[in-house]
J.: 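Let me give you the structure first, and then I'll get to my questions.
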Amino acid sequence: MIQVKHIHKFYGKHHVLKDVSLQVSKGEVVVIIGPSGSGKSTLLRCMNYLEQIQDGAIEIEGKPIGLIERNGEKVEMPQKQLDQIRSEVGMVFQNFNLFPHLSVLDNILMAPMTVKRTKRSDVEPLAKELLVKVGLAEKAHMYPDHLSGGQKQRVAIARALAMQPKVMLFDEPTSALDPELVGEVLAVMKQLAAEGMTMVVVTHEMGFAKEVADRVVVMDAGSLIEEGAPAKIFTAPEQQRTQAFLSKVLSHD
Amino acid sequence: MIQVKHIHKFYGKHHVLKDVSLQVSKGEVVVIIGPSGSGKSTLLRCMNYLEQIQDGAIEIEGKPIGLIERNGEKVEMPQKQLDQIRSEVGMVFQNFNLFPHLSVLDNILMAPMTVKRTKRSDVEPLAKELLVKVGLAEKAHMYPDHLSGGQKQRVAIARALAMQPKVMLFDEPTSALDPELVGEVLAVMKQLAAEGMTMVVVTHEMGFAKEVADRVVVMDAGSLIEEGAPAKIFTAPEQQRTQAFLSKVLSHD
Amino acid sequence: GCGSQPAAQPQPEASATAKQEAPATAAPTDEVLKKIKDTKTLVVGTDATFQPFEFKNSNNEFDGFDIDLIHAVAKELGADKVEFVDTEFKGLIPGLQGKKFDMIASAMYITDERKKTIDFSDPYFPGGLSIMVKKDNNAIAGVDDLKGKKVAVQIGTKSAKFLKEKYPDVQLVEVEKNVEMFLELDSGRVDAVVTGLPAAKVYAKQNDKVKILDKTLTQEEYGYGIRKENAGLIEAVNEALKKVNANGQYKDTVLKWFGND
Amino acid sequence: MGLDFSVIFEDNNLIALLQGLWVTVSMTFMALVLSAGLGLLIGLGRMSNKKWLSMLCSWYLAWFRGTPLLVQLMILYYGLAIGMQIDLSAATAGVLGLGMYSAAYVSEIVRGAIQSIDRGQMEAGRSLGMSHWQTMQKVILPQAVRRMLPPLCNEFIALTKNSSLLSVITVSEVMRAGNLIVSNNFRYFEIYIAIAILYFVVNYSISVGIGRLEKKLNVEGARA
Amino acid sequence: MGLDFSVIFEDNNLIALLQGLWVTVSMTFMALVLSAGLGLLIGLGRMSNKKWLSMLCSWYLAWFRGTPLLVQLMILYYGLAIGMQIDLSAATAGVLGLGMYSAAYVSEIVRGAIQSIDRGQMEAGRSLGMSHWQTMQKVILPQAVRRMLPPLCNEFIALTKNSSLLSVITVSEVMRAGNLIVSNNFRYFEIYIAIAILYFVVNYSISVGIGRLEKKLNVEGARA
Ligand SMILES: Nc1ncnc2c1ncn2[C@@H]1O[C@H](COP(=O)(O)OP(=O)(O)OP(=O)(O)O)[C@@H](O)[C@H]1O
Ligand SMILES: Nc1ncnc2c1ncn2[C@@H]1O[C@H](COP(=O)(O)OP(=O)(O)OP(=O)(O)O)[C@@H](O)[C@H]1O
Ligand SMILES: NC(=O)CC[C@H](N)C(=O)O
Ligand SMILES: [Mg+2]
Ligand SMILES: [Mg+2]
């Protein structure tokens with residue numbers, strides 16, 4: 001489904017991703033953990049080509065995203081093609097990034113109507129169905145600013161799902177939420193996973209990782225240092241750095 | 001130390017605090033918990049007169065804050081006097097609210113130099129001492145934007161302490177932080193409590209409440225519904241609503 | 001030669017100034033005269049964009065017929081120095097009223113409307129309106145040929161008023177500054193320009209694509225603008241004009257700027 | 001100084017002023033439309049990552065904002081006619097000149113507002129598969145418009161007043177109509193105050209209108 | 001049309017233009033200082049919770065922004081002298097008039113920028129015991145200044161050009177100096193283009209200066 005092959009990413013001289021490779025199969029749920037600044041968000045954003053990579057390749061269902069080879073040189077792919085592939089990859093941000101000037105329903109309808117040029121009446125049923133799924137059927141006509149954080153994030157999930165993506169990327173979807181609101185978002189994500197959605201999730205919610213992840217990937221300082229089943233990572237991590245990180249996160253409760 | 005006497009607070013017609021009373025003694029650590037929207041922040045902000053109250057009275061060390069009686073009518077106290085009392089009450093916000101245009105050191109020096117008109121050279125030793133205390137001695141000359149969330153919040157605490165307040169109010173000081181950064185802020189707060197600072201803390205960190213609080217206060221829908229020692233509240237709450245809230249917060253981990 | 005009047009004498013109206021001339025030694029009662037006596041300076045408002053009457057010459061000094069003549073007049077008034085205040089034409093009358101200067105010397109026609117607001121000295125020079133066209137234009141030979149044609153005039157001048165009242169068939173194009181009239185003609189947007197003869201001549205001298213028709217349309221008279229309250233100054237200026245005329249300075253100045261034609 | 005405003009109602013003075021006002025308002029309005037459209041394009045162009053385009057737009061900004069409108073109008077109306085036989089009508093030259101001048105100012109307003117919108121909005125749009133331009137159009141601009149309104153209000157009010165320079169290219173707008181009356185009866189203050197009031201009415205309407213729009217947008221989509 | 005720019009260097013034309021430019025620049029500069037100071041006060045006043053004060057400032061804004069500068073200058077220089085015997089010098093009236101006019105525009109820029117600063121900043125200041133005004137001065141304004149810069153740049157550039165209206169109150173600024181030369185030699189285009197270039201140089205310097213300041217502030221205190 002997703003193939004990340006030896007990618008390198010620099011911000012100026014700062015080497016942020018160092019030869020990272022990762023395979024995600026169809027239907028798999030991969031959770032990425034690791035200390036702050038280790039490059040988790042950057043990796044996720046590269047999968048969507050929101051960030052350019054300097055070396056390596058990323059493929060979604062066998063098709064390259066972002067850079068393609070032409071006459072032996074790596075060049076950026078045509079916008080149209082990029083937009084096309086991107087629309088198959090849903091992304092949910094830490095800060096929701098809902099469109100504040102649009103109602104909840106319009107937030108969800110925007111992309112299908114614009115990108116796929118579907119008529120409003122054709123997408124509305126799907127949008128409403130998605131709102132039911134995330135438990136917000138009755139909020140369709142409210143504006144994002146009048147929602148709680150948990151509700152906002154669920155709308156953001158519905159918005160991404162409306163493009164019927166083949167894979168969903170989540171970047172700390174619950175870390176901006178009040179603790180009592182975290183549960184409702186995790187519930188939606190669990191349901192998605194149960195339905196067989198391919199998901200890559202950056203999160204600090206270890207409970208979620210344990211319960212839902214097929215595989216946990218640990219990053220540190222721009223490298224992928226360890227991966228394995230959640231049971232293994234949480235109970236018997238191989239790397240010292242993984243241990244150190246886990247003890248910090250799990251300590252203060 | 002702080003006496004909240006039967007206060008009422010309205011936003012327009014919305015009755016947000018309903019006859020709330022609370023005593024906090026010198027050196028006591030009181031933790032306020034309760035569901036989102038129950039009025040915790042509002043109560044805290046009233047203690048600082050950041051919000052006006054419509055009825056009741058609040059006293060800090062026996063002196064009223066905000067409203068005073070004059071000729072039988074309640075009127076707002078003179079600005080000078082209010083600023084004076086406020087400077088004895090430190091406040092730490094969820095979003096830090098550091099001054100982004102000033103270095104860490106200048107953030108801390110600003111209020112003492114402005115309000116108390118102390119010379120820079122006279123406050124600097126205290127400021128540096130506080131930075132050592134919160135573990136950020138080497139960050140004195142950085143700007144807030146270059147700090148992690150946990151570091152920002154520790155600067156905010158040092159900034160409030162620089163006014164040598166008699167009481168510190170914390171409004172969800174860790175809820176905007178990445179989980180691994182929460183610990184460092186809680187550590188500073190624990191140390192403060194151990195040194196005998198009077199503290200009122202709104203938080204969802206139940207671990208912290210159990211360990212540090214002298215008393216836990218539960219709010220719901222604008223009323224104080226239950227209070228007691230942490231052991232009692234967490235293990236045998238009297239109120240049904242307390243139980244419901246606790247089970248939600250503690251569930252998803 | 002052209003058909004304009006020969007440089008005329010100023011025509012002081014003897015009856016209006018019949019009063020006994022105050023002896024020069026007596027203390028003047030008029031506010032401005034008093035000031036002149038004290039400071040030896042006359043302050044004159046002018047819009048120095050109107051050749052050949054007033055303009056800034058290549059040395060960046062005020063120059064022109066009005067400038068020379070007012071220097072002579074000022075001498076007679078007892079002012080050794082003339083201070084010019086340059087402003088736009090529309091600022092002249094308010095400036096006079098607001099006492100920003102003592103009088104106006106800016107090729108200003110004496111008109112009844114203006115007299116409602118300020119007073120004038122006796123006329124010191126005759127002017128007439130003339131028609132200017134492109135050199136190759138033979139279709140327009142006189143004012144009657146202007147019918148239906150586009151004609152540029154300066155806003156608020158006698159030319160505009162005259163054509164509006166006497167020749168309503170003319171399509172007027174009113175512009176702000178006299179420079180723009182010439183631009184209109186140059187760019188072919190109008191067929192003719194109607195403006196004061198002296199000014200037209202100066203432009204024609206510098207631009208060989210235009211010519212001035214022989215016949216002038218009207219006879220106008222230039223006067224110095226003076227505040228109504230300064231009747232004493234008006235009298236004194238009229239006296240000074242007479243003296244300047246008598247001692248030949250007036251004639252010299254006219255010759256210098258307008259030659260013999 | 002004894003003002004007597006009855007002069008405004010004498011002769012056809014009021015009618016002349018109102019005719020001038022109509023010219024001012026209609027020319028300003030057309031220029032405003034041009035200025036908003038062109039300003040938007042220039043502002044977007046300045047942010048383009050096509051070097052040549054952003055350079056071009058920077059030059060536009062520097063020239064049209066940096067030099068006097070009077071000179072621009074003179075070149076457009078007289079210069080083109082004399083030098084290149086391009087004979088624009090006064091109205092065309094006026095609207096074009098005013099519009100292009102004002103567009104420079106508007107472009108800076110547009111750029112400022114767009115750059116103040118959270119980067120996350122563009123990323124959200126892009127990650128949904130919308131193109132840069134689609135996201136700009138449907139997500140960024142609708143939000144940016146609200147922030148542009150206060151400075152745009154300043155600019156549009158300045159525009160009504162700059163339109164008085166059109167009198168140098170023979171357009172009879174309200175200031176010129178007033179000058180005509182003044183040159184006839186020399187009642188400067190009465191006439192100028194009348195003109196000031198007419199401008200005031202127009203500009204106050206603009207600011208009330210934009211103020212309403214601002215409030216409306218604030219209510220609809222709350223703070224972004 | 002065969003332009004010949006050598007005319008600019010003939011006689012004393014260049015000197016006359018540069019003298020005019022100096023008048024323009026110095027008057028504009030003084031007006032700019034006045035406008036910035038007064039505009040700040042009016043902008044703050046509009047946000048005051050003292051009703052009378054905010055009303056007063058709103059009126060100021062409506063009048064000085066809503067009516068033509070020409071009329072304001074005429075009233076200030078001629079009107080006061082004729083009606084109330086208050087005799088301002090042309091330079092004083094010019095600086096005052098320009099400054100008060102521009103202050104209205106600046107006040108809206110100030111208000112916009114201040115209102116865009118996060119409310120939390122004021123609360124943080126107040127909770128530390130600083131007064132409203134202290135917080136405004138030391139916390140809010142330093143941050144707001146950065147956001148004001150782009151529209152202030154627009155405004156200050158407009159100010160240099162508005163200063164050409166000072167010629168109606170006897171100030172010989174650069175545009176007037178140019179008109180004087182033109183009426184001497186009728187070389188419109190050469191002279192007007194020269195004037196345009198002089199303005200361009202001044203205004204380009206302003207925009208470069210403000211651009212630098214913007215960058216500097218961005219680096220120092222990062223995004224707020
Ligand atoms: N736009 C940028 N410019 C320069 N450096 C950046 C930029 N974005 C991120 N970085 C740097 O890249 C590194 C990886 O950042 P990234 O956001 O991917 O980490 P993360 O693992 O997601 O951390 P967190 O848990 O705090 O979100 C960090 O050192 C960060 O400072
Ligand atoms: N400025 C305001 N105007 C109107 N209503 C407000 C305002 N601030 C808060 N409220 C309302 O007052 C009630 C109490 O809000 P408050 O922020 O005190 O709750 P809280 O317990 O702190 O919640 P949270 O855990 O989400 O921070 C809520 O219903 C909220 O919607
Ligand atoms: N200076 C000028 O523009 C002359 C104006 C014209 N002679 C008049 O009196 O109306
Ligand atoms: Mg991240
Ligand atoms: Mg709260």
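Each chain gets a letter, A, B and so on, in the order its sequence line appears, and its residues count up from 1.
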J.: What residues of residues 85-105 of chain D sit under 4.5 Å from chain C when only non-hydrogen atoms are counted?
T.: D/Asp87, D/Leu88
J.: Counting heavy-atom pairs closer than 4.5 Å to chain D, which one of C/Ile118, C/Leu183, C/Asp186 comes out on top?
T.: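 Ranked by contacts with chain D, first place is C/Leu183.
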J.: Is the count of non-hydrogen atoms from other residues, nucleotides or ligands lying under 6.0 Å from C/Phe162 atom CZ greater than 12?
T.: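 For C/Phe162, atom CZ is crowded (more than 12 foreign heavy atoms under 6.0 Å).
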J.: When heavy-atom pairs shorter than 4.5 Å are enumerated against chain C, which of D/Val171, D/Asn179, D/Ile181 gives the highest number?
T.: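 Among the listed options, the one with the most contacts to chain C is D/Asn179.
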J.: Are there over 12 heavy-atom neighbours, none belonging to C/Lys149, within less than 6.0 Å of that residue's NZ?
T.: yes
J.: Heavy-atom distances under 4.5 Å only: say whether C/Val173 touches chain D with side chain, backbone, both or neither.
T.: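 Side chain of C/Val173 only, per the 4.5 Å heavy-atom cut-off to chain D.
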J.: Flag yes if more than 12 heavy atoms outside C/Lys115 fall under 6.0 Å of its NZ atom; otherwise flag no.
T.: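 Counting neighbours around NZ of C/Lys115, 12 or fewer heavy atoms of other residues, nucleotides or ligands fall under 6.0 Å, so no.
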J.: Counting only heavy atoms not in D/Tyr204, do more than 12 fall under 6.0 Å of its OH?
T.: no
J.: Within a reach of under 6.0 Å around NZ of C/Lys205, are more than 12 heavy atoms found that belong to other residues, nucleotides or ligands?
T.: no
J.: What residues form a side-chain hydrogen bond (donor to acceptor under 3.5 Å, both in side chains) with C/Glu31, not counting sequence neighbours?
T.: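 So C/Glu31 forms no side-chain hydrogen bond (donor to acceptor under 3.5 Å, both in side chains) with any residue.
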J.: Going from CZ on C/Arg189 to OH on D/Tyr77, what distance comes out if it is rounded to the nearest 0.5 angstrom?
T.: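 One gets 4.0 Å once the value is rounded to the nearest 0.5 Å.
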J.: Return the CD to CZ distance between C/Gln97 and D/Phe189, rounded to the nearest 0.5 Å.
T.: 7.0 Å
J.: Applying salt bridge (Lys or Arg N to Asp or Glu O under 4.0 Å), which residue pairs with at least one partner in residues 27-38 of chain D are found, sequence neighbours left out?
T.: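 Applying salt bridge (Lys or Arg N to Asp or Glu O under 4.0 Å) to every pair that reaches into residues 27-38 of chain D, excluding sequence neighbours, yields nothing.
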J.: Regarding C/Glu184 and D/Tyr78, is there a side-chain donor-to-acceptor distance under 3.5 Å anywhere?
T.: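 Side-chain D/A pair, C/Glu184 to D/Tyr78: present.
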J.: Please name all residues satisfying salt bridge (Lys or Arg N to Asp or Glu O under 4.0 Å) with C/Asp102, sequence neighbours left out, ordered by chain then number.
T.: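 Only C/Lys35 meet the salt bridge (Lys or Arg N to Asp or Glu O under 4.0 Å) criterion with C/Asp102.
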